[in-house]
Amino acid sequence: MKTSETQNGELRYIRGVGPKRSLIFQKIGIHSVRDLLYLFPRRYEDRSRFASLKDPPLGEPVTCKGEIMDVKFKPIRGMPLVEVLVGDAEGTLKAVWFNQPYLKKLFQPGQQIILYGKIEFYQKYLQMPNPEFELVEDLEAASIHTGRITPIYPLTEGLFQRSLRTTLKEAVDHHLDHAIHDHLSPELRERMDLLPLDRALREMHFPASFEELQKARRRIVFDEFFSFALRLFLKVKAIKTQYRSPAFLIDGKLAGEFEKSLPFALTESQTKAIQDLFQDLSREIPMNRLLQGDVGSGKTVVAAFAFLAAQRAGFQSAFLIPTEILAEQHYRTLLRFLEPLGIRPELLTKSTEPEKRARLIAELKQGKVPVVIGTHALLQEDVHFKGLGLLVVDEQHKFGVHQRNQLLRKTPRPHHLVMTATPIPRTLALTTYADLDISVMKEMPKGRRPIKTYWITRKKQPEVLTHMASRIQKGEQAYIVFPLIEETEKADLLAAKKEFERLRKTVFQKFRLGLVHGKIERPEREAIMRAFSRRELDILVATSVIEVGVDQPNATMMIIENAERFGLAQLHQLRGRIGRGSVESACFLFGEPTTEEGKMRLRLLTKITDGFKIAEEDLKLRGQGDLWGIRQSGEPLFRIAHPALDEPILLEARKEAQKLIDEIPGGTLEKTPFWVQKYLEQMPKTD
Ligand code: ADP
Ligand code: MG
């Protein structure tokens, strides 16, 4: 008999889960039987085939079974040892457990046992040290830990494999039907060839075969993508139907006028992106667009056009930027583009003088400032706009979602543009960025000389430094980058500092050197980078903190030390600090990778300069690596679904979700069919 409590799906009514284990589960976000059922195995071990005890394979994991013939308890050098002699029709084996004296009480001659572990020869006996085991009434009856395709769960402190597995078996056998209802429409389920949910969950935990597991996985993956897509499309539709943005009634000639004011011709990519913006901005439907373009592709110019359009329509714009130094650089760039058009942008950061800040805040409120560029300082409570029509965010991933939304939570809602230099593989675009329309700029401004990249042995460092010195004598600037990826890597930090000291006392005695790394307080760090931007320093010795942060077209050379310690995308991003001017830039990679993949990475960089191609190669090299489905928090978006590997299911699920949401009026959940509401209620949230 089930009590009414178990029907509520409370964990502590599962046999073996008391208040203590409930608490452990709660800590990892498992509050109900349903949550528990969605704690999927990390992997599976095939323990379904039994090895005979006559000549079993040695040194590899096997499952075997037999009868207990003898149980011994003997301490060896003070360490308790439980030794159990197990025999089947063909041979015998000693199972031994170290340091687990309590086990001896469990075993008695005559019992049937299943063992899983590696067999070795020890003093002429077959022996299996510390096996996983299961005592069974009847060897043919269903077992939990062995004798089957066995689930291996992810563990946290206080959770142990065996007991967790037992708990899941309990949950699957006795609580699943009460905790789970399949709300997916039967029509859709059949059309998509999906298992019923209860069966899928059972098979996910205790699969009868790998084929069944595949089918079960298909159902769960579909659910993950489908619910994700439903929620996303609902959100998009809600924004598009419930919110209104100001339609900028702009003259069709504005783009031409803008281009005439520039000192260069726009690239085709820029022209296309500007057209996309022009269309979005002239509608009341809120713009929600991502502008993607490699470092140096000229995104700021495109943003400048959007600012112009807003100003001409009588609205204000805000440009949100992750770091102070970048904000200053963008400010200077925009000043150059916008002033000739009669627009004076303003800069607001933490360093803005109090009087200037007070004046700015007053003017923003009166609508006198058409464009404000700034950091988090823009998000402070006393910053108000008279009419914010456009929000542009650079490198959005540096901001929390919450902070970003604060400026969007206005009526009417500002149009929203996100800019990023991170190349976005298709699967990411379909998931993480799926609520955004995307403009891609693949083309670089003309006259840009590709960066020459060399991968050479560090023994050549003196020659490279001489080359650096000669460039600096011509008035150019340079970077020397050390891998300090984790703040705790003391040895690397030491290396950067030591080399900095050495260089400025020897080869570069005559030059002005600066050192920046993450351990230097932000204001000081920014002051050093600023000095470099102002050409008050010749060489910047740095860690990857410069990855985003400095834009100095006069910097033409970069050395990257221990390049093998960086990822491909990161190296590309770093290298993007140079090659921004008209003088040909050179990047020298020092590194001795030990793996073939590592060598491949550096070799690729010497050959490819296109960020998209590099991202693609990176994905291939890392076998999807960690680029896919990354949340803002850095956690994966899905439990088991893999956007790239499961792309066919992703596309199917998106199509079905799109169809459903297209058919409803408005963007609210209440308008969806009842089963969709129940379905989403049950599906774990992914954001
Ligand atoms: P991104 O932000 O995409 O890395 P920026 O907008 O900072 O690139 O542009 C990089 C540099 O290229 C700037 O100095 C900018 O003035 C210049 N630039 C932008 N567009 C063009 C163009 N079409 N032709 C020549 N130079 C350009
Ligand atoms: Mg930029």
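Whatever order the structure lists ligands and atoms in, that order sets their numbers, starting from 1. Numbers here simply count residues along the sequence, with the first being 1.
- Short contacts between ligand 1 and Ala265, defined as distances under 4.0 Å to a heavy atom of the residue, involve ligand atoms 22 (C), 23 (N), 24 (N).
- In the vicinity of Phe337, heavy-atom distances shorter than 4.0 Å reach the ligand 1 atoms 16 (O).
- Atom numbering of ligand 1 starts at 1 in the shown order; those under 4.0 Å from a heavy atom of Arg580 are 4 (O).
- Contact annotation for Glu268 and ligand 1: no heavy atom of the residue comes within less than 4.0 Å of the ligand.
- Taking the six-membered ring where the residue is Trp, Phe319 and Phe307 present tilted rings, their angle falling between 30° and 60°.
- Separation of atoms CG (Leu320) and NE2 (His330) is listed at 11.5 Å; rounding is to 0.5 Å.
- Residues satisfying the side chain to side chain contact (heavy atoms under 4.5 Å, CB included) criterion with Thr606, sequence neighbours excluded, are Thr453, Trp455.
- If you look at Met419 next to ligand 1, there are no close heavy atoms at all, none under 4.0 Å.
- With a heavy-atom cut-off of 4.0 Å, Lys446 does not touch ligand 1 at all.
- For ligand 1 and Pro445, the ligand atoms under 4.0 Å from any heavy atom of the residue are 20 (N), 21 (C), 22 (C), 24 (N), 25 (C), 26 (N), 27 (C).
- Atom NZ of Lys356 has more than 12 neighbouring heavy atoms from other residues, nucleotides or ligands inside a 6.0 Å radius.
- Using a 4.0 Å cut-off to heavy atoms of Asp294, the atoms of ligand 1 that qualify are 3 (O).
- The local environment of CZ in Phe337 is crowded, with over 12 non-hydrogen atoms from other residues, nucleotides or ligands closer than 6.0 Å.
- Taking distance alone, with nitrogen or oxygen atoms compared against 3.5 Å, Gly298 approaches ligand 1 more closely than that limit.
- At least one heavy atom of Ser297 sits closer than 4.0 Å to an atom of ligand 1.
- The closest approach between Met441 and ligand 1 stays at or above 4.0 Å for every heavy atom of the residue.
- Those atoms of ligand 1 with a heavy atom of Thr300 less than 4.0 angstrom away are 2 (O), 5 (P), 6 (O), 7 (O).
- Remark: Pro445 engages Thr267, Arg448 in a side chain to side chain contact (heavy atoms under 4.5 Å, CB included) (not counting sequence neighbours).
- Across all their heavy atoms, Arg458 and Glu592 have their closest contact at N-OE2, 4.1 Å.
- Taking a cut-off of under 4.0 Å to the non-hydrogen atoms of Val301, the atoms of ligand 1 that pass are 19 (C), 20 (N).
- Close contacts between ligand 1 and Thr267 involve ligand atoms 23 (N) [criterion: under 4.0 Å to a heavy atom].
- Residues Glu268 and Lys272 are not paired through a salt bridge, judged by the lack of any N-O separation under 4.0 Å between the basic side chain and the carboxylate.
- Under 4.0 angstrom from ligand 1, the non-hydrogen atoms of Leu266 all belong to its backbone.
- In this pair, Phe315 and Phe248 present their aromatic rings parallel. The plane angle is below 30°, not in the 30 to 60° band.
- Separation of atoms OG (Ser585) and CZ (Arg449) is listed at 9.5 Å; rounding is to 0.5 Å.
- At under 3.5 Å, not a single nitrogen or oxygen of Thr333, backbone or side chain, sits near a nitrogen or oxygen of ligand 1.
- Ligand 1 has no N or O atom lying under 3.5 Å from any N or O atom of His330, backbone or side chain.
- For the atom pair CG of Leu408 and CD1 of Ile239, the computed distance is 8.0 Å after rounding to the nearest 0.5 Å.
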